[in-house]
Amino acid sequence: MPFIYLDIETDNTDKLGLDVFQSRIVTVQMLLPSGKSVIIKDPKNLDNIKSALENNIIVGHNIKFDAKFLKHHFNVTLKNVYDTMIAELVLSGGLYAGKKDMTSLSDLVLRYCGEHLEKEEQKGFKYGVPLTSAQQKYALKDLIYLPEIHKQQQAKIKQLNLETIIDLEMKAIPAMVWLELSGIKVDLEKLEPLKQNALQIKHEVESTIYHLLGDSSINLNSPSQLKKALNNAGIPVEGTNKDELKKYDTPVTNAILEYRDCEKFMNSFVDTLPTYINPITTRVHADYMQIGAVTGRLSCKAPNMQQQPARGKLAKHWKEIFVAEKGKNIVTADYSQIELRIVGQAAHDKKYIDAYNTPGVDLHKRTAATLFHVSEGEVTKTQRGMAKSVNFGLNYGMTGKGLIKKIKSDVGEDITVAQARQYIQAFQKLYPEVTAHLKQASQHGLQNKCVHTLAGRLIRFEDPSVIIERTLPDRIKQYENTHHKIPSPETIAYMRGDIRNQVLGKIGRQSKNYPIQGFCADLLKIALHEIFLKLEPLGVKFIATVHDEVVFECDENQTEYVKQVVKDEMERAGKHWFTDIPCICEVFHGSYWQKD
DNA sequence: CTTTTGGGCGCG
DNA sequence: AAAGCGCGCCCAAAAG
């Protein structure tokens with residue numbers, strides 16, 4: 001299939017210019033397979049090139065942006081795309097994720113063509129105003145480097161064996177366009193009672209705290225002021241974080257914890273969500289980044305739909321504010337215990353394979369039975385909860401101390417260091433293949449400074465010595481603050497060694513976790529492409545996704561079909577790799593966002 | 001005065 | 001304190 005290189009300019013180049021619903025396309029520029037360049041000024045429609053755009057591979061830098069405008073304004077759906085920005089993120093092994101200053105077009109032009117791209121003329125494109133010759137030149141300049149970048153990237157992709165990953169990433173782009181244009185509906189009337197409840201609790205605990213501390217002048221949001229006040233009140237806290245405060249279990253520390261919950265809930269969610277409602281669509285259109293994390297996971301902002309409250313007292317009914325339009329349903333689907341299944345599959349662990357292939361068997365219960373020397377039927381809820389913490393935590397290299405903390409926060413149970421050690425040993429003995437696999441992953445990562453997912457995604461590590469030198473000044477400063485003198489060269493050498501151990505330890509743990517997290521992202525993206533092809537043309541909306549979960553909005557009478565398609569495609573995405581353990585997706589529906 | 005950093009915490 | 005991993009966002013305090 002031939003390539004068409006494409007870029008657009010929009011009006012309102014300030015903040016509104018980024019909003020597809022509040023600005024217009026001023027120009028569409030293209031480099032055609034023939035080598036000819038075309039500028040379409042103030043397009044009224046794109047009917048004459050619609051089929052060319054939909055039936056060729058469209059190459060662009062951050063093509064999601066252009067594709068959203070083409071879809072919304074002219075109903076042109078780009079289905080085959082190649083994005084030089086996404087490709088660069090894949091090629092970097094995730095190292096450029098979240099680093100905007102590494103993946104801009106000018107960065108790539110410099111990296112691949114050795115030229116500096118000025119961005120000055122970009123401002124001032126106005127709808128209906130003729131282009132100056134400088135603007136015309138600028139419009140094309142963004143285009144002319146793309147073929148060379150594209151060509152060089154292709155060579156690197158081949159060299160690094162990243163064809164499969166590039167393919168799944170490019171195919172996922174139309175789904176991301178679909179997701180951001182769809183948006184999600186928020187019911188503000190449902191938000192009000194949640195707000196009043198949180199406010200009332202907040203005011204109550206606030207006065208309780210001030211009363212108990214005997215000082216109403218302190219800022220409860222200031223950790224330093226709070227610590228001082230607690231110390232004055234005879235509570236010797238060393239910090240004010242949750243774990244530290246929980247240790248004391250006094251009326252005032254408990255009230256502070258409750259105050260924090262309210263503050264977080266109010267400031268981060270209740271008060272901000274309404275500000276993101278788009279005035280044109282009256283829906284919330286979050287900004288998703290396709291490779292937002294080193295592992296290939298998506299990230300999301302403005303607002304972050306991936307961190308909407310779901311547990312805890314205040315959050316109990318929060319997700320119910322995300323609703324379907326009248327006459328529609330919300331369909332949610334999520335992978336069942338996907339990370340554990342990935343580990344078990346990658347390690348070909350006999351007991352994992354058996355557990356996930358035997359109906360009615362629960363891996364956590366099975367682990368608990370061994371840890372506590374009881375039969376599976378006798379396992380209590382608490383024991384299962386503790387085993388769950390062990391299963392999840394140990395898969396990523398958690399140590400005894402970490403396990404104690406995890407079990408305390410997950411199930412509220414106190415265990416000793418000896419018990420923690422014993423659980424870890426029991427786990428390792430119970431699942432020898434998983435244990436060996438993780439150890440091997442850690443060694444591989446440290447040796448090669450990179451790891452791969454089952455689908456072949458490359459995930460790189462930064463050079464340890466660079467991290468060490470970057471961290472050292474902070475450590476020295478810390479020493480100076482506590483000892484009031486400059487550390488000796490011997491001390492500095494010791495610090496280097498200490499930091500080195502920490503950095504290498506972290507890379508070892510990341511090597512265990514990255515392939516699992518990354519492969520889950522691979523699966524999700526593979527599925528999204530197929531789901532897009534089947535459901536987007538039917539008018540179904542793709543309204544949210546959270547790592548192992550996807551959420552859609554469809555007509556009530558489409559519900560069963562949508563559930564079936566989503567479940568099938570999510571599971572089919574993993575078929576090629578899940579040869580020993582089934583990959584299962586669970587689907588639900590209702591009038592709001594729910595997972596049961 | 002604005003920008004950066006750090007503690008803390010929401011989700012998977 | 002880079003003692004399980006990944007992210008974004010809030011606020012206060014420090015830094016420029």
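Residue numbers begin at 1 in each chain, while the letters A, B, ... track the order of the sequences. On a predicted model such as this, the values are computed, not experimentally measured, just so you know.
- Distances were taken from every side-chain heavy atom of A:Lys595 (C-beta onward) to each of C:dC5, C:dG4, B:dG12; the shortest belongs to B:dG12.
- Between the base of B:dC9 and the side chain of A:Lys264 there is a donor-acceptor pair shorter than 3.5 Å.
- Between A:Phe552 and A:Trp178, the distance separating the two ring centers is shorter than 6.0 angstrom.
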Problem - Worked check of ring-ring contact (aromatic ring centres under 6.0 Å, His included) between A:Phe461 and A:Tyr514 - result: CA-CA 10 Å; A:Phe461 296 107; A:Tyr514 282 6; 5.4 Å; yes
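- Residue A:Arg260 has a polar side-chain atom (N or O) positioned under 4.0 Å from OP1 or OP2 of B:dC9.
- Side-chain contact annotation: A:Gln337 with A:Tyr356, donor-acceptor N/O pair under 3.5 Å present.
- Across all strands, A:Thr471 comes closer than 4.0 Å to base atoms (heavy-atom distances).
- Looking only at atom types and distance, the side chain of A:Gln443 has no donor-acceptor partner in the side chain of A:Gln447 under 3.5 Å away.
- When rounded to the nearest whole Å, the span between CD of A:Gln307 and P of C:dC5 equals 19 Å.
- A distance of about 25 Å separates the P atoms of C:dG4 and B:dT5, rounded to the whole Å.
- The base of B:dC11 is not paired with the side chain of A:Gln308 by any donor and acceptor separated by under 3.5 Å.
- Contact annotation: A:Thr295 does not reach the phosphate of C:dC7 (side-chain N/O to OP1 or OP2, under 4.0 Å).
- Between A:His364 and A:Phe392, the ring planes are tilted. Angles from 30° to 60° get that label.
- Distance from the side chain of A:Ile467 is smallest to C:dA2 among C:dG8, C:dA2, B:dG10.
- With rounding to whole Å, A:Tyr259 atom OH is found 10 Å from C:dC11 atom P.
- Residue A:Ala97 is out of contact with every strand shown, counting any heavy-atom pair closer than 4.0 Å.
- Taking atom CG on A:Asn267 and atom P on C:dC11, their separation rounds to 5 Å, with Å as the unit.
- Rounding to whole angstrom units, CD1 of residue A:Ile507 and P of C:dA2 are separated by 14 Å.
- Comparing the end axes of the helix from B:dC1-C:dG16 to B:dG12-C:dC5, each fitted to five base pairs by superposing C1' atoms of four pairs onto the next four, gives an inter-axis angle of 10° (nearest 10 degrees).
- Contact annotation: A:Asn241 reaches the phosphate of B:dG8 (side-chain N/O to OP1 or OP2, under 4.0 Å).
- A:Lys388 NZ: 12 or fewer foreign heavy atoms inside a 6.0 Å radius.
- In this model, a donor atom of one side chain and an acceptor atom of the other lie less than 3.5 Å apart for A:Thr367 and A:Tyr431.
- The nearest heavy atom of DNA chain C to A:Gly98 and to A:Lys406 marks one nucleotide each, and the one closer to the 5' end goes with A:Lys406.
- Remark: the separation of the P atoms in C:dA15 and C:dA1 is 15 Å, to the nearest Å.
- Of the candidate nucleotides B:dG12, C:dG8, C:dA12, B:dG12 has the atom lying nearest to any side-chain atom of A:His547.
- Among the atoms of the strands shown, base atoms are found under 4.0 Å from some heavy atom of A:Gln517.
- In terms of phosphate contacts, A:Lys301 brings no side-chain nitrogen or oxygen within less than 4.0 Å of OP1 or OP2 of B:dC11.
- One interatomic measurement links the two molecules: CG of A:Leu446 to C1' of C:dA2, which rounds to 13 Å at whole-angstrom precision.
- The phosphate of C:dG4 (OP1 or OP2) has no side-chain N or O of A:Arg509 nearer than 4.0 angstrom.
- In this structure, A:Val503 reaches neither bases nor backbone, as no heavy-atom distance under 4.0 Å exists between it and the strands shown.
- No option in A:Phe322, A:Phe588, A:Trp318 other than A:Phe322 meets the ring pair (Phe, Tyr, Trp, His ring centres under 6.0 Å) test with A:Trp593.
- Candidate nucleotides B:dG10, C:dC7, B:dG8 were compared by shortest atom distance to the side chain of A:Ser299, and C:dC7 ranks first.
- Distances shown here put every side-chain N or O of A:Asn304 at or beyond 4.0 Å from the OP1 or OP2 atom of B:dC11.
- One can place CD1 of A:Ile516 at 13 Å from P of C:dC5, the figure rounded to the nearest angstrom.
- Positionally, the nearest nucleotide of DNA chain B for A:Asp474 lies more toward the 5' end than for the other of A:Asp474 and A:Ala315.
- Rounded to whole angstrom, the span from the CD1 atom of A:Ile459 across to the C1' atom of C:dC5 amounts to 11 Å.
- Of the candidates C:dC11, C:dG4, C:dC9, C:dC11 carries the atom nearest the A:Asn221 side chain, counting heavy atoms from C-beta on.
- Side-chain nitrogen and oxygen atoms of A:Thr272 include none within less than 4.0 Å of the OP1 or OP2 phosphate oxygen of C:dC9.
- For A:Arg311, counting side-chain heavy atoms from C-beta on, the closest listed nucleotide (B:dC9, C:dA12, B:dC11) is B:dC11.
- At B:dC9, none of the side-chain N or O atoms of A:Lys242 fall inside 4.0 Å of OP1 or OP2 (strictly under the cut-off).
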Practice task
Carefully, step by step, assess A:Tyr259 and A:Tyr210 under the rule ring-ring contact (aromatic ring centres under 6.0 Å, His included).
Solution key: CA-CA 12 Å; A:Tyr259 172 84; A:Tyr210 283 136; 8.2 Å; no
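- Nucleic acid contact class of A:Gln225 (heavy atoms, under 4.0 Å, all strands): sugar-phosphate only.
- A straight line from CG of A:Leu226 to C1' of B:dG8 spans 12 Å, rounded to a whole angstrom.
- Set against C:dA12, B:dG10, B:dG8, the side chain of A:Ser222 has C:dA12 as its closest nucleotide.
- Ranking C:dA2, C:dC10, C:dG4 by closeness to the A:Tyr396 side chain, first place goes to C:dG4.
- Residue contacts for A:Cys520: at a heavy-atom cut-off of 4.0 Å it reaches no nucleic acid atom on any strand shown.
- Checked for salt-bridge contact, A:Lys595 and A:Glu549 meet the test: a charged N lies under 4.0 Å from a carboxylate O.
- Each of C:dG6, C:dG8, C:dC10 was ranked by its minimum atom distance to the side chain of A:Tyr514; first place goes to C:dG6.
- Set against B:dG12, C:dG8, C:dA2, the side chain of A:Arg297 has B:dG12 as its closest nucleotide.
- By the 4.0 Å N-to-carboxylate-O rule, A:Glu586 lies too far from A:Lys563 to be salt-bridged with it.
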